[in-house]
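Because only heavy atoms are used, hydrogens play no part in the values below, and waters and symmetry mates are left out as well, while side chains stay in. All figures in this text were calculated on a predicted structure; none of them were measured in a lab. Numbers restart at 1 for each chain; the letters A, B, ... are given by sequence-line order, proteins then strands.
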Number of protein chains: 2
Amino acid sequence: MRVRTPSELGALIRDYRMRHNLDQKSLAASVGVSRQWIVEIEKGKAGAPLGLVLRTLGAIGIVLDAQQETPPSPKGKNESHGVDAYVDINTIVAGARKKKK
Amino acid sequence: MRVRTPSELGALIRDYRMRHNLDQKSLAASVGVSRQWIVEIEKGKAGAPLGLVLRTLGAIGIVLDAQQETPPSPKGKNESHGVDAYVDINTIVAGARKKKK
DNA sequence: TTACAATGTCGTCGAACGCTGACATTTTAG
DNA sequence: CTAAAATGTCAGCGTTCGACGACATTGTAA
């Protein structure tokens, strides 16, 4: 499953927790957080610390895999905003000299 | 690439940012955070808010995929073939009646 | 060399966080 | 049904975060 937002991740955690027949209290204990925090995370809390989130995922047997995103519709020219996934000619020229190693 | 710790994710972000020839300032602007925050994230800050982390990944074209972790090869007997690779008999018995819907 | 851009680090401060504890609601066991 | 467990929510409090500004360090271009 793809994870793009805190809400998606929260739903994922809840789903896996229930699959393992764990209650919030037990999961909280094994992760090392309070039960309320588990409640928040499952609701999709955006402010949850990355470290705790990863530990929670580990506690229920989920691993995350990072991949290059599929082409964001290469229609227009060089979109100035929102960081292209693809390198355009300008950035190549701009950074052409600073090839360090 | 697998992401298990904040440090791994930080290295991933840094790698992708450089691959796109972006400086910290530009990335920070497109994500909507301070440049210092980018520095911290790339160092593997564990306390970074999940929401900002996901937005950063999106800004450089990385998607996360969640998967069931492969168990450390439980040389047990009847290997379950279903979704859950390892649910022990106790948890099954304990939760056998709580079939909700 | 000098000059500039990118990066790393350090204070300060207001805002947000997580925890404890309690209580209300929902669900399950008997 | 009632009792207990699990879950959702709230208030208070100490801790930690991110933004901001400034400065040091590094690397590249002229």
Side-chain angles (χ1 to χ4, degrees), chain A residues 5-7 9-60 80 83 87 90-101, chain B residues 5-60 87 89-101:
Chain A
T5 66
S7 292
L9 199 134
L12 187 75
I13 291 176
R14 182 180 252 277
D15 186 50
Y16 269 67
R17 175 176 64 81
M18 289 179 163
R19 260 184 229 194
H20 289 280
N21 286 307
L22 284 173
D23 58 19
Q24 296 175 336
K25 190 177 174 186
S26 302
L27 177 57
S30 76
V31 175
V33 297
S34 67
R35 185 178 65 83
Q36 289 84 339
W37 190 85
I38 299 294
V39 173
E40 299 290 327
I41 256 291
E42 293 187 351
K43 283 200 304 181
K45 187 174 191 66
L50 175 62
L52 295 184
V53 171
L54 292 178
R55 265 162 52 192
T56 304
L57 293 178
I60 54 180
S80 70
V83 183
V87 183
N90 294 321
T91 51
I92 292 180
V93 172
R97 320 182 191 106
K98 44 172 54 174
K99 280 312 163 196
K100 191 167 159 189
K101 52 177 169 193
Chain B
T5 67
S7 293
E8 287 177 3
L9 198 132
L12 187 74
I13 290 176
R14 186 178 186 89
D15 185 50
Y16 269 67
R17 175 177 64 81
M18 289 180 163
R19 224 174 267 196
H20 291 292
N21 286 307
L22 283 172
D23 58 19
Q24 295 174 337
K25 189 178 174 187
S26 302
L27 177 57
S30 76
V31 175
V33 295
S34 66
R35 184 180 65 83
Q36 290 88 335
W37 189 84
I38 299 294
V39 174
E40 298 291 327
I41 257 291
E42 293 186 350
K43 283 200 305 181
K45 187 175 191 67
L50 174 62
L52 295 184
V53 171
L54 292 178
R55 266 163 51 193
T56 304
L57 292 178
I60 54 180
V87 177
I89 190 65
N90 294 320
T91 50
I92 291 181
V93 172
R97 311 185 184 105
K98 38 175 63 172
K99 288 299 175 204
K100 184 175 169 185
K101 50 172 134 177

Donor-acceptor contacts under 3.5 Å from residues 44-59 of chain B side chains, at least two apart:
{"from": "B:R55", "atom 1": "NE", "to": "B:V31", "atom 2": "O", "distance (Å)": "3.4"}
{"from": "B:R55", "atom 1": "NH2", "to": "B:V31", "atom 2": "O", "distance (Å)": "2.5"}
{"from": "B:T56", "atom 1": "OG1", "to": "B:L52", "atom 2": "O", "distance (Å)": "2.8"}

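Here OG of A:S7 is found 10.0 Å from CD1 of A:I41. Values are rounded to the nearest 0.5 Å. A:S30 contributes atom OG, which lies 10.5 Å from atom NE2 of A:H20 (distance to the nearest 0.5 angstrom). Atoms CD1 and CD, on B:I38 and B:Q36 in that order, are 10.0 Å from each other to the nearest 0.5 Å.
Every residue two or more places apart in sequence or in another chain was checked for a salt bridge (charged side-chain N to carboxylate O under 4.0 Å, His left out) with A:D23, and none qualifies. Remark: A:E42 pairs with A:R14, A:R17 by the side chain to side chain donor-acceptor pair (under 3.5 Å) rule, at least two apart or across chains.
Counting to the nearest Å, the P atom of D:dG27 and the CG atom of B:D23 are 17 Å from each other. As rounded to whole Å, 15 Å separates atom P of D:dA4 from atom NZ of A:K25. Per the geometry, CG belonging to B:L22 stands 10 Å off P belonging to C:dT7, to the nearest Å. Taking atom CG on B:L27 and atom C1' on C:dA6, their separation rounds to 14 Å, with Å as the unit. Separating the CG atom of B:N21 from the C1' atom of C:dA6 is a distance of 13 Å, rounded to the nearest angstrom. If you measure from atom CD1 of A:I38 to atom C1' of C:dC17, you get 15 Å, rounded to the nearest angstrom.
Applying the salt bridge (Lys or Arg N to Asp or Glu O under 4.0 Å) test to every pair with at least one member in residues 25-39 of chain B, sequence neighbours left out, gives no pairs at all.
Contact between the side-chain N/O atoms of A:R17 and the OP1/OP2 oxygens of D:dA6 is not found at any separation under 4.0 Å. Contact annotation: B:Q24 side-chain N/O to C:dA5 OP1/OP2 distance is not under 4.0 Å.
An angle of 50°, rounded to 10°, separates the two end axes of the helix from C:dT1-D:dA30 to C:dG30-D:dC1, each defined over five pairs.
With contacts defined as side-chain heavy-atom distances shorter than 4.5 Å, the pair B:E8/B:L12 does not qualify.
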Between the protein and nucleotides 15-21 of chain D, list the N/O to N/O atom pairs that are separated by less than 3.5 angstrom.
{"from": "D:dG18", "atom 1": "OP1", "to": "B:W37", "atom 2": "NE1", "distance (Å)": "2.9"}
{"from": "D:dA19", "atom 1": "OP1", "to": "B:S34", "atom 2": "N", "distance (Å)": "3.1"}
{"from": "D:dA19", "atom 1": "OP2", "to": "B:S34", "atom 2": "N", "distance (Å)": "3.1"}
{"from": "D:dA19", "atom 1": "OP2", "to": "B:S34", "atom 2": "OG", "distance (Å)": "2.4"}
{"from": "D:dG21", "atom 1": "N7", "to": "B:Q36", "atom 2": "NE2", "distance (Å)": "3.4"}
{"from": "D:dG21", "atom 1": "O6", "to": "B:Q36", "atom 2": "NE2", "distance (Å)": "2.6"}

